[in-house]
There are 2 protein chains.
Amino acid sequence: MRVQLPAIILPRKTGERRHGNKDNNFVSKNLHAERKRRKKLSDRLLVLRSLVPIITNMNKATIIEDAITYIQELQKTSDDLSEELREMEASSEGGGKQMEMEGDAADEMEKCGIKEEIKVTYIDGNTLLIKIVLQKKRGCFTKLIETMDYLGFELSETSVTTFKGAMLFSSCVHGKFVDALMIEQTELLLDMIRSKEGNTC
Amino acid sequence: MRVQLPAIILPRKTGERRHGNKDNNFVSKNLHAERKRRKKLSDRLLVLRSLVPIITNMNKATIIEDAITYIQELQKTSDDLSEELREMEASSEGGGKQMEMEGDAADEMEKCGIKEEIKVTYIDGNTLLIKIVLQKKRGCFTKLIETMDYLGFELSETSVTTFKGAMLFSSCVHGKFVDALMIEQTELLLDMIRSKEGNTC
DNA sequence: CGCAACACGTGAAAC
DNA sequence: TGTTTCACGTGTTGC
C-alpha cells in the first residue's frame with residue numbers, strides 16, 4: 001500500500017513536463033485553468049475522503065468506491081431508522097382506532113349538545129366545588145387528577161360519570177384558596193388539563 | 001449548462017491525439033492501463049452520481065461536491081433519527097419516574113394495609129353494586145371503564161376516590177346479569193382490568 | 001524489471 | 001467571441 005498520511009497529502013511532483021515549447025509565450029491559455037480545475041477536483045476528493053469513515057485505499061477510484069458504499073449504508077440505515085421510528089410512533093399513539101373513537105366521542109358530544117366546560121363554585125376559603133365536563137379520552141381522568149394534584153388540591157367526595165362520549169367530573173376539593181382567584185382561572189385550568197392530555201398518550 | 005442525458009453519458013471523443021510517434025510499436029505500454037484506470041474512475045463517478053438525488057451539475061467536481069453535501073445531510077438526518085428514536089424509546093418505557101411513582105404507590109398501599117380487591121354485591125337481576133380497589137396507575141380508570149363497557153355494564157352512581165396510592169371505585173351498574181355468575185367471576189374481572197392496564201402505557 | 005497510480009500539458013468540444 | 005470541462009497520451013514515481 002502506498003504510504004501516505006491520512007490528512008495531509010504530499011503532492012506528487014510527477015509528470016512535471018517542462019516541454020520545450022517553441023512558442024514559450026503561447027503555452028496554451030488554459031494551462032492555469034486546467035491546473036485550477038484539477039486542484040479543485042483533488043480537493044473535493046480529499047473532502048469526500050475525510051467524510052467517509054472506512055477507507056480501504058488512498059486511490060482516487062477506491063475513495064469514490066468507498067464513498068459509494070458508505071452512501072448506500074447511510075441510506076439503508078436512514079431508511080431503517082425512519083421506519084422503526086414510524087412503527088414506534090404508530091404503536092405509541094395507541095392505534096388509529098383510539099383516535100377514531102375519540103373523534104366519535106367528540107361527534108357524539110356535539111350531536112347531543114354537550115360542550116366541554118368547567119365550573120368552580122366557591123364554598124369557603126378551604127373548599128371548592130368543581131364540575132368539569134370533558135371529552136372522554138384515554139387517560140383523561142388520570143391527567144385531570146394529576147392536574148388537581150399539581151395545583152395542590154385534595155379531592156374528596158369525587159364523582160365521575162361518563163355518557164355520550166363525555167365525562168362528567170365533580171368533586172369537592174380542599175386546599176388553601178385565595179377566594180375568587182382560582183375561580184377566575186377556570187379556563188386556564190381547563191387548558192392545563194387539555195394540554196396535559198396532549199403531552200402523553 | 002452542458003446538454004447531457006441524465007443516465008447515459010455520451011463519451012466525448014475529445015483529445016484523441018493521434019500523435020505521430022516515431023516508434024509506433026512502443027506507444028507507451030501503460031496506454032491501455034491508463035485508459036482502463038480512467039474508465040474505472042469515470043464509472044465510479046457515474047455510480048456516485050446515480051446515488052445522489054440532487055445534482056446541480058454534471059461536472060466531475062460538482063458531482064463530488066453534491067455527494068459531499070448529500071453525505072453530510074445523510075449523516076445529520078441519521079444522527080437526528082437515532083437520537084429521536086433514543087428519546088422515544090426512553091419515553092416509551094413509561095419513564096422510570098412513572099414506574100417509580102407506581103412502585104411508590106404500591107409501597108404506600110402495602111404500608112397502609114390496603115390491598116387490591118374487587119367486591120360485587122348482587123342487587124337484582126339488572127343491578128349490581130361493584131366496589132374495586134386498585135393501585136393508582138396512569139390510565140387505570142379509563143381501562144376500568146373500558147372493561148366495564150366491554151362487559152356491557154352501564155354505569156350509574158359512580159364514585160371514584162384516590163388516597164394513599166390507591167384508587168377506590170364504586171358504582172351501581174345496570175345490565176342483564178345471570179344472578180351469581182358474574183359475582184363468582186370477580187377475580188377474573190380484576191385480572192381483566194389488570195391485563196388491560198399492562199397492554200398500554 | 002514491470003505494474004499501478006498519478007499529475008501534467010494539450011487539443012477539442014460544449015457552452 | 002472566450003471560458004469551461006473533458007479525455008487523452010505521456011513522464012514519472014513508488015513498490
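Numbers restart at 1 for each chain; the letters A, B, ... are given by sequence-line order, proteins then strands.
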Can you tell me how far [atom2] of [N] sits from [atom1] of [X], to the nearest Å?
X	N	atom1	atom2	answer
A/Asp43	C/dA7	CG	P	11 Å
A/Lys39	C/dA7	NZ	C1'	13 Å
B/Met58	C/dA14	CE	C1'	14 Å
B/Asn59	D/dT5	CG	P	5 Å
B/Asn57	D/dT5	CG	P	8 Å
B/Glu65	D/dT4	CD	P	16 Å
B/Leu41	C/dA7	CG	P	10 Å
A/Asn30	C/dG11	CG	C1'	8 Å

Exercise. For DNA chain D, what is the dot-bracket line, given that a base pair needs Watson-Crick (N1 to N3, plus N6-O4 or O6-N4) or G-U wobble (N1-O2 and O6-N3) geometry with both distances under 3.5 Å, and | means paired with another strand?
Worked result: .||||||||||||||
Taking only residues two or more places apart in sequence, or in another chain, which ones meet [X] in a side chain to side chain contact (heavy atoms under 4.5 Å, CB included)?
X	value
A/Thr62	A/Thr56, A/Asn57, A/Asn59, A/Glu65
B/Glu117	B/Lys131, B/Val133
B/Gln75	A/Leu51, A/Tyr70, A/Leu74, B/Ile71
A/Lys36	none

Is there a side-chain polar atom (N or O) of [X] under 4.0 Å from OP1 or OP2 of [N]?
X	N	value
A/Lys60	C/dA7	yes
A/Arg35	C/dA7	no
B/Arg38	D/dC8	yes

Exercise. If you check the B/Glu34 side chain, which of C/dA7, D/dT5, D/dA7 turns out closest?
Worked result: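 Looking only at heavy atoms from C-beta outward on B/Glu34, the closest nucleotide is C/dA7.
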Exercise. With sequence neighbours excluded, what pairs up with B/Asp79 under the salt bridge (charged side-chain N to carboxylate O under 4.0 Å, His left out) test?
Worked result: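 Here no residue qualifies.
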Problem set entry | Whether B/Gln135 side chain and B/Glu116 backbone form a donor-acceptor pair below 3.5 Å |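 No: the side chain of B/Gln135 does not pair with the backbone of B/Glu116.
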Problem set entry | Short side-chain to backbone donor-acceptor contact, A/Ser42 and A/Lys39, under 3.5 Å |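 The answer is no, because no donor-acceptor pair under 3.5 Å joins these two groups.
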Seminar exercise, completed: On DNA chain D, more 5' by nearest nucleotide between B/Ala61 and B/Arg37 is B/Ala61
